[in-house]
Amino acid sequence: MADSQTILGEALPNIPWQDKPAGYVHPVWRYDANPIIPRDLIGCANSIFNSAAVPYQGAFAGVFRVDDRRRRMRLHAGRSDDGIAWRIEPEPIRLEGAADEVAESGHFYDPRVVWVEDRFYVTWCNDHHGPTIGMAWTKDFESFHQLENAFLPANRNGVLFPRKIGSRYAMLSRPSDWGHTPFGDVFYSESPDLEFWGRHRHVMSRRGGWESLKIGPGPAPIETTAGWLIFYHGVLLSCNGYVYSFGAALLDIDQPWKVRARASDYLLSPQALYECVGDTPNVVFPCATLTDAPSGRIAIYYGAADTVTGLAFCQVDEIIAFIRDHNEP
Ligand code: BMA
C-alpha cells in the first residue's frame with residue numbers, strides 16, 4: 001500500500017510522463033515508445049546510451065554518452081523541449097581549464113549531471129592511467145570547465161549528492177578494476193571543496209541474485225521525507241555474461257552511508273527487446289532522473305544494451321512503499 005512520502009524538491013510540471021498501463025503490477029514501467037534515442041541519432045554515433053538529462057530553462061538539457069564509429073567513448077551536450085525528443089550536438093564536449101595531466105584522458109563515459117548550489121556538475125568515468133571519476137561544471141551546456149579527478153584509479157560511477165551533507169559535498173562511487181570488474185560495492189566520500197575527497201565510508205555491498213556480482217550507484221540521490229532515494233544497478237553473472245538490472249534503496253538523510261531500507265527485488269531488468277539485444281546484451285543502466293515534487297512523479301533515463309536510451313516512470317510513494325515492503329537489510 002502506498003504511504004505519503006514525498007520528494008523534497010522543485011516542481012517540474014512538464015516532466016515527461018505516461019501513466020502506468022492498466023493492470024501492470026510492478027512499480028517501474030517503461031515509456032511505450034522506447035527507445036527515445038536511437039543509436040544513430042547523430043551521424044558519428046555507433047550508440048547513444050547511459051546518459052543524463054536535467055531541467056534547463058523551462059525545457060531540458062543533458063550530457064550524452066556517444067560511442068563513435070571508431071568506438072571512442074565521448075560526451076556530447078544535448079537539448080530537448082519535452083525530455084523525449086533530443087537534439088544532440090554533432091561534436092563532443094570540449095572541456096576547458098584542466099591541468100595538463102588531467103586533460104589527457106582518453107575515455108569519457110556514463111555521465112551524471114546534478115545541480116549543486118549555483119551550477120550543474122558533470123561527473124563521468126574518466127581515464128587517468130585507469131578508470132577514475134572525472135568532474136566538470138557548466139552553466140549553459142556550451143562551455144564545460146574541468147576540475148580535478150575525484151579519486152585515484154580504479155573507480156567508476158561517481159554520483160554527486162544535490163546538496164552538501166553537513167558542511168561538505170558528498171559523492172557515491174564504486175571502486176573497480178581496469179577491466180570489466182567482476183566485483184564491487186558502493187562507497188560514500190566527502191569533500192570541503194569538490195577537489196579533495198576523503199572520510200570514505202562503505203554504504204552497501206553486492207548480495208544475492210540480480211545483484212550478486214557487483215553494484216554501482218546510478219542517478220543522483222533524490223531527497224525525500226523518507227531519506228535519500230537511490231536507484232542503483234546490480235549485476236548477475238550468467239553463463240552468457242553479465243546481466244545489468246536496477247533496484248532501489250533509502251539512505252539516511254544526515255548520514256547517507258547508513259542504509260535505512262533496501263529492496264530485495266529489482267525494479268527493472270532487461271526484458272524488452274532493445275534491452276536484451278544490442279552491443280552488450282541484457283543491460284539496463286540508469287544514469288539520471290527527473291522529479292516533480294508536487295505530483296511525486298519520477299522519470300528515469302537509462303541506457304539499454306549499451307546501444308540506445310530508454311525512459312521509465314515511477315511514483316515516489318509507490319517506490320518507497322515497495323522498498324519498505326521488500327526491505328531486506
Ligand atoms: C559497465 C560500464 C557501463 C556499461 C556496463 C555494461 O562496466 O562500462 O558503461 O553499460 O558495463 O556493459
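Positions are given from 1, in the same order as the sequence printed here.
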Is there a donor-acceptor contact under 3.5 Å linking the side chains of N327 and R260?
no
Rounded to the nearest 0.5 Å, how far apart are NE2 of H76 and CZ of F64?
11.0 Å
Please check: side-chain N/O of T309 versus main-chain N/O of I36, any donor-acceptor pairing under 3.5 Å?
no
How long is the span from the OG atom in S245 to the CG atom in L267, to the nearest 0.5 Å?
10.0 Å
With side chain to side chain contact (heavy atoms under 4.5 Å, CB included) as the test, pick out the partner of Y302 among P286, P219, S51.
P286
Can you spot which of T280, D306, V66 makes a side chain to side chain contact (heavy atoms under 4.5 Å, CB included) with F49?
D306
Side chain to side chain contact (heavy atoms under 4.5 Å, CB included) between D325 and I323, intermediate numbers included:
CA-CA 6 Å; D325 290 349; I323 295 170; over 6 Å; no
Do V63 and V54 touch side chain to side chain, with heavy atoms closer than 4.5 Å?
no
So, using ring pair (Phe, Tyr, Trp, His ring centres under 6.0 Å) as the criterion, who are the partners of H233 when residues are at least two apart?
Y244, F285
Going by salt bridge (Lys or Arg N to Asp or Glu O under 4.0 Å), name the pairs with one or both residues in residues 222-231, residues two or more places apart or in two chains.
R163-E223
Residues passing the side chain to side chain contact (heavy atoms under 4.5 Å, CB included) test with L273, sequence neighbours excluded, are V277
Side chain to side chain contact (heavy atoms under 4.5 Å, CB included) between E148 and V102: does it pass, once the steps are laid out?
CA-CA 7 Å; E148 291 289 319; V102 174; 3.7 Å; yes
Measure the CZ-CD1 distance between R65 and I37 for me, rounded to the nearest 0.5 Å.
13.5 Å
Identified side chain to side chain contact (heavy atoms under 4.5 Å, CB included) counterpart of P182 within the set L237, V235, D177
D177
Would you check if the side chain of W228 reaches a backbone N or O of L250 as a donor-acceptor pair within less than 3.5 Å?
no
Y169 and F161: CA distance, side-chain angles, deciding distance, side chain to side chain contact (heavy atoms under 4.5 Å, CB included) verdict:
CA-CA 7 Å; Y169 300 98; F161 283 73; over 6 Å; no
Run the ring-centre check on W17 versus W29 and record whether the distance is less than 6.0 Å.
yes
K20 side-chain N/O to H26 backbone N/O, donor-acceptor pair under 3.5 Å
yes
How about L251 and V259: do any of their side-chain heavy atoms sit closer than 4.5 Å?
yes
Between C287 and P111 the two heavy atoms that sit nearest each other are CB-O, 3.7 Å
Rounding to 0.5 Å, atoms OH (Y121) and CG (L147) come to a distance of 7.0 Å
Given side chains that start at C-beta, do those of T225 and L8 come closer than 4.5 Å, heavy atoms only?
yes
Test item: Y242 side-chain N/O and H180 main-chain N/O as donor-acceptor pair under 3.5 Å:
yes
Residues in side chain to side chain donor-acceptor pair (under 3.5 Å) with R168, at least two apart?
E190
So, W257 side chain and S189 main chain: donor-acceptor pair closer than 3.5 Å or not?
no
Taking only Lys NZ, Arg NE, NH1 and NH2, and the carboxylate oxygens of Asp or Glu, determine whether E328 and R207 approach each other closer than 4.0 Å.
no
May I have all residue pairs that pass salt bridge (Lys or Arg N to Asp or Glu O under 4.0 Å) and include part of residues 83-102, sequence neighbours excluded?
D81-R87
Transitively linked via ILVMFWY side-chain contacts under 4.5 Å: V283 with Y266?
no
Short side-chain donor-acceptor distance under 3.5 Å, T132 and N149:
no
Check: C314 and F322 side chains under 4.5 Å, non-hydrogen atoms
no
Angle class for the W210/Y232 ring planes (parallel below 30°, perpendicular above 60°, tilted otherwise)?
tilted
Closest approach of D292 and I7, non-hydrogen atoms and distance?
O-CD1, 4.1 Å
CZ-CZ distance between F108 and R72, expressed to the nearest 0.5 angstrom
10.5 Å
Under a 3.5 Å threshold, yes or no: a donor from one side chain and an acceptor from the other, between D279 and N46?
yes
With F141 via ring pair (Phe, Tyr, Trp, His ring centres under 6.0 Å) - residues at least two apart
Y56, F120
Spacing of OG belonging to S47 relative to CG belonging to D67, to within rounding of 0.5 Å:
4.0 Å
